[in-house]
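All residue numbers refer to positions in the sequence shown, counting from 1.
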Amino acid sequence: MSDIVRMRTDARMSQIVIHGDTIHLAGQVGSPGADVAEQTRECLSKIEALLAEAGSDKTRILQCTIWLADMADFAQMNAVWDAWTPAGHAPARACGEAKLATPGHRVEFILVAARG
């Protein structure tokens, strides 16, 4: 049985949880109040850093769930996502609308990746 490794853990959650060769990241958000494109860029930058810390990269993302505060932001978020996602490495993905924890947040990304 594989051990579970938790990284950047506080009383509420871990930013990274690794089980075997699978990496789970906590939801990532950008700066409240910024537009959805800027928040998306911030989220994806955080994701890249966390994946690197866990021994992976964005070509190894298996699944991504994206929550938007307003589906009207879908095209703007996708423009940033599409430019960031490496050709041929698009993960399984879902996107929906949800009331996020902080009113100023426009988008949240949750993902699972394989270790490199």
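Note on W81: it clusters hydrophobically with I47, by side-chain heavy-atom contacts below 4.5 Å among ILVMFWY residues.
In this structure, CZ in F74 is found 7.5 Å from CG in L68, a value given to the nearest 0.5 Å. The CG atom of N78 lies 6.5 Å from the CD1 atom of I66; values are rounded to the nearest 0.5 Å. If you take CD1 on I110 and CD on Q63, they are separated by 10.0 Å, rounding to the nearest 0.5 Å.
Between Q39 and the choices H105, M77, Q76, the side chain to side chain contact (heavy atoms under 4.5 Å, CB included) rule is met once, by H105. Evaluated for a side chain to side chain contact (heavy atoms under 4.5 Å, CB included) with L111, the options L62, I23, L51 yield exactly one hit, L51.
Using a distance-only test at 3.5 Å, with no hydrogens or angles considered, no donor-acceptor pair links the side chain of K58 to the main chain of E48. Without hydrogens or angle criteria, S45 side chain to R41 main chain gives no donor-acceptor distance under 3.5 Å. In this structure, E38 contributes its side chain and S31 its backbone to no donor-acceptor pair below 3.5 Å. Remark: side-chain polar atoms of R106 are not paired, donor with acceptor, to backbone N or O of A69 under 3.5 angstrom.
A donor and an acceptor atom, one from each side chain of E42 and Q28, are nowhere located under 3.5 Å apart.
Within 6.0 Å of CZ in R8 there are 12 or fewer heavy atoms belonging to other residues, nucleotides or ligands.
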